[in-house]
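Remember, it's a predicted structure, so these values are computed and weren't measured experimentally.
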Amino acid sequence: MAEKGDSSAIGAETTSMAEKETPSITEKEASSATGEETSSMAEERKSLAVGEETDLEKVVERVVTTSPEDDATYKTDIMNESKRLLSLLKEMKLNQTVGLGRGDGDRAFLDEQPVILGSGQNWLNDGNLKCAMVDRVLVELLLEKLSSSLPDQNEAAKDLQMLTKAKPSCREAFSKLNDAISRLLSPLSLTKVEANPELQEDLITTVLNILTDDHNKHLVGGHPRAIPLLTESMKYGTDETRRNAIAALVSLSALDLNKFIIGSSGALAPLLEVICVGHPLAIKEAASAICSLCKVYENQDKFTKIGAVKIILQKIKEGILVDELLGVLAVLSTHNDAVEELGDPDTFQYLIDIKRNTASEIARKNCIEILFNVSMLEKPSFGDEKKKSRRVV
């Protein structure tokens with residue numbers, strides 16, 4: 001019995017000593033250990049990212065500095081490397097979202113996320129040289145997809161529309177890439193422009209987006225298919241497509257050379273047709289286009305000859321966009337043929353009534369300008385001078 005008691009005592013003492021010699025691991029220490037492990041993993045990922053940075057830079061540099069004339073294997077070798085670049089971009093760990101303007105649930109290009117390199121530098125910050133290089137590669141890839149299957153075309157057109165809306169460097173890329181405007185418009189050139197309304201809307205909107213870049217205004221205005229396709233899209237397509245096609249013509253007409261090109265392209269009559277029967281938002285865009293185009297006398301002459309004054313007066317009498325359409329009449333009122341129509345006694349009196357009764361300062365000023373131009377430019381026939389002199393503006 002004594003031996004058993006002694007044995008128990010010795011066991012207890014041994015256990016007690018073991019407890020003293022082996023300190024317990026607290027939650028704080030466990031957390032610290034986990035943190036060290038996480039830090040180690042982060043360092044490893046950072047190291048991998050640095051390697052990816054070097055790899056990506058090499059690919060991008062080659063893609064953006066190589067042209068078809070420089071390398072006979074451009075279409076295969078370079079585009080394959082570009083696709084590998086795209087894959088790498090998607091796989092890299094990302095810290096924040098790129099806002100491409102898409103709604104919830106929509107598929108966003110590159111998973112809507114920027115690339116954070118090992119150095120902590122964000123490749124997709126605007127103004128960054130690497131950002132512009134990457135964007136040129138992305139635009140090149142998407143333009144290439146526009147020559148693929150219809151699903152690929154739809155997907156690429158949607159991405160181009162969103163990228164050019166969000167990123168100035170993507171808009172600028174069109175002036176840097178080989179034959180970019182032709183490739184952008186090619187799906188609309190191969191069939192009826194309205195055959196695929198969604199594709200048409202995305203491509204026409206992309207054209208509008210890229211026209212914020214002045215170099216692109218020259219390229220699009222000088223392209224033999226661009227303005228005819230915009231003109232067709234004013235007549236056929238969704239309401240959004242029609243408005244954006246007209247807005248694109250407004251943007252193009254900022255250049256004097258383009259005013260002449262548009263005026264000779266067959267776009268004037270469709271613009272006037274929009275004034276006749278278009279949606280108010282489309283009419284507003286069309287009014288802006290006509291005002292801009294009529295800064296060239298040749299276009300004033302053409303609009304007057306196809307009945308612009310009569311059509312615009314009718315819409316004003318219907319109370320539709322009175323301020324904007326009076327602005328168009330003010331521009332046209334410097335043309336002799338328009339003055340003859342506006343100098344009709346009933347029309348002249350109607351404009352005087354608008355000036356006197358309107359609460360709109362814009363409408364009042366436009367009426368004064370029209371009435372002044374008519375009074376100064378109208379050539380009264382023999383015996384009508386006294387009648388004209390009695391007009392009270």
Original post:
Do Y297 and H335 have ring centroids that are under 6.0 Å from one another?
Top reply: yes
Original post:
Cation-pi between K317 and Y350: NZ/CZ under 6.0 Å from ring centre and within 45° of the ring axis?
Top reply: yes
Subject >> Under 3.5 Å donor-acceptor, S292 side chain and A289 backbone >> reply: no
Side-chain donor/acceptor pairs under 3.5 Å, residues 228-235, sequence neighbours excluded:
unit_1	atom_1	unit_2	atom_2	d
T231	OG1	I227	O	2.9
E232	OE2	K235	NZ	3.3
S233	OG	Q200	NE2	3.1
S233	OG	L229	O	3.0

**OP:** Determine whether L185 and H223 make a side-chain contact, defined as any pair of heavy atoms from C-beta on separated by less than 4.5 Å.
**Re:** yes
Original post:
Can you find a side-chain donor-acceptor pair between T304 and D337 that sits under 3.5 Å?
Top reply: no
Original post:
If every non-hydrogen atom of I275 is compared with every non-hydrogen atom of A286, which pair is closest and at what distance?
Top reply: CD1-CB, 3.8 Å
Original post:
Between K217 and D213, is there a side-chain N and carboxylate O pair less than 4.0 Å apart?
Top reply: no
Original post:
Just checking, is any N or O donor in the side chain of D323 or N366 under 3.5 Å from an acceptor N or O on the other one?
Top reply: no
Original post:
Among L371, I316, I368, which residue meets the side chain to side chain contact (heavy atoms under 4.5 Å, CB included) test with L351?
Top reply: L371
Subject >> Short N-O contact, E155 and K158, less than 4.0 angstrom >> reply: no
Original post:
Within the distance-only criterion (no hydrogens, no angle test), does the side chain of R183 pair as donor or acceptor with the backbone N or O of N178 below 3.5 angstrom?
Top reply: yes
**OP:** Answer yes or no: is there a donor N or O on one side and an acceptor on the other, between the side chain of K176 and the main chain of R136, under 3.5 Å?
**Re:** no
Original post:
So, N209 side chain and Q161 main chain: donor-acceptor pair closer than 3.5 Å or not?
Top reply: yes
Original post:
Does any N or O in the side chain of N258 come within less than 3.5 Å of the main-chain N or O of L252, such that one atom is a donor and the other an acceptor?
Top reply: yes
**OP:** Would you mind reporting whether L342 and V309 have side-chain heavy atoms less than 4.5 Å apart?
**Re:** yes
**OP:** Can you sort out the partners of D256 under salt bridge (Lys or Arg N to Asp or Glu O under 4.0 Å), two or more places apart, ordered by chain and number?
**Re:** K259
Original post:
In terms of heavy-atom contacts, does CD1 of I306 have more than 12 from other residues, nucleotides or ligands at under 6.0 Å?
Top reply: yes
**OP:** Please report the closest heavy-atom contact between Y236 and R242, naming both atoms and the distance.
**Re:** CA-NH2, 4.1 Å
Original post:
Taking C-beta and beyond as the side chain, do N154 and E198 meet within less than 4.5 Å on heavy atoms?
Top reply: no
Original post:
Is a side-chain N or O of S175 found less than 3.5 angstrom from the main chain of E172, in a donor-acceptor match?
Top reply: yes
Original post:
With a 4.5 Å limit on heavy-atom distance, are the side chains of I311 and L272 in contact?
Top reply: yes
Subject >> Pair E240-T205, side-chain donor/acceptor within less than 3.5 Å >> reply: no
Subject >> Residue pair N244, T241: steps toward the side chain to side chain donor-acceptor pair (under 3.5 Å) verdict >> reply: CA-CA 5 Å; N244 288 343; T241 297; over 6 Å; no
Original post:
Any donor-acceptor pair under 3.5 Å linking the side chain of S251 with the backbone of A248?
Top reply: no
Original post:
Does the side chain of S264 come within less than 4.5 Å of K302's, by heavy atoms?
Top reply: yes
**OP:** Report the C-alpha separation of S148 and Q153 in whole Å, then their side-chain angles, then the decisive distance to 0.1 Å, and conclude whether the side chain to side chain donor-acceptor pair (under 3.5 Å) test is met.
**Re:** CA-CA 6 Å; S148 302; Q153 289 181 5; over 6 Å; no
Subject >> Side-chain H-bond candidate by donor/acceptor type, R171 with T164, under 3.5 Å >> reply: no
Subject >> Side-chain donor/acceptor of Q300 to backbone N/O of C294, under 3.5 Å >> reply: yes
Subject >> Flag, side chain of T334 to backbone of V331, donor-acceptor distance under 3.5 Å >> reply: yes
**OP:** Please examine the side chains of L332 and I370, heavy atoms only from C-beta on, and report whether any two atoms are closer than 4.5 Å.
**Re:** no
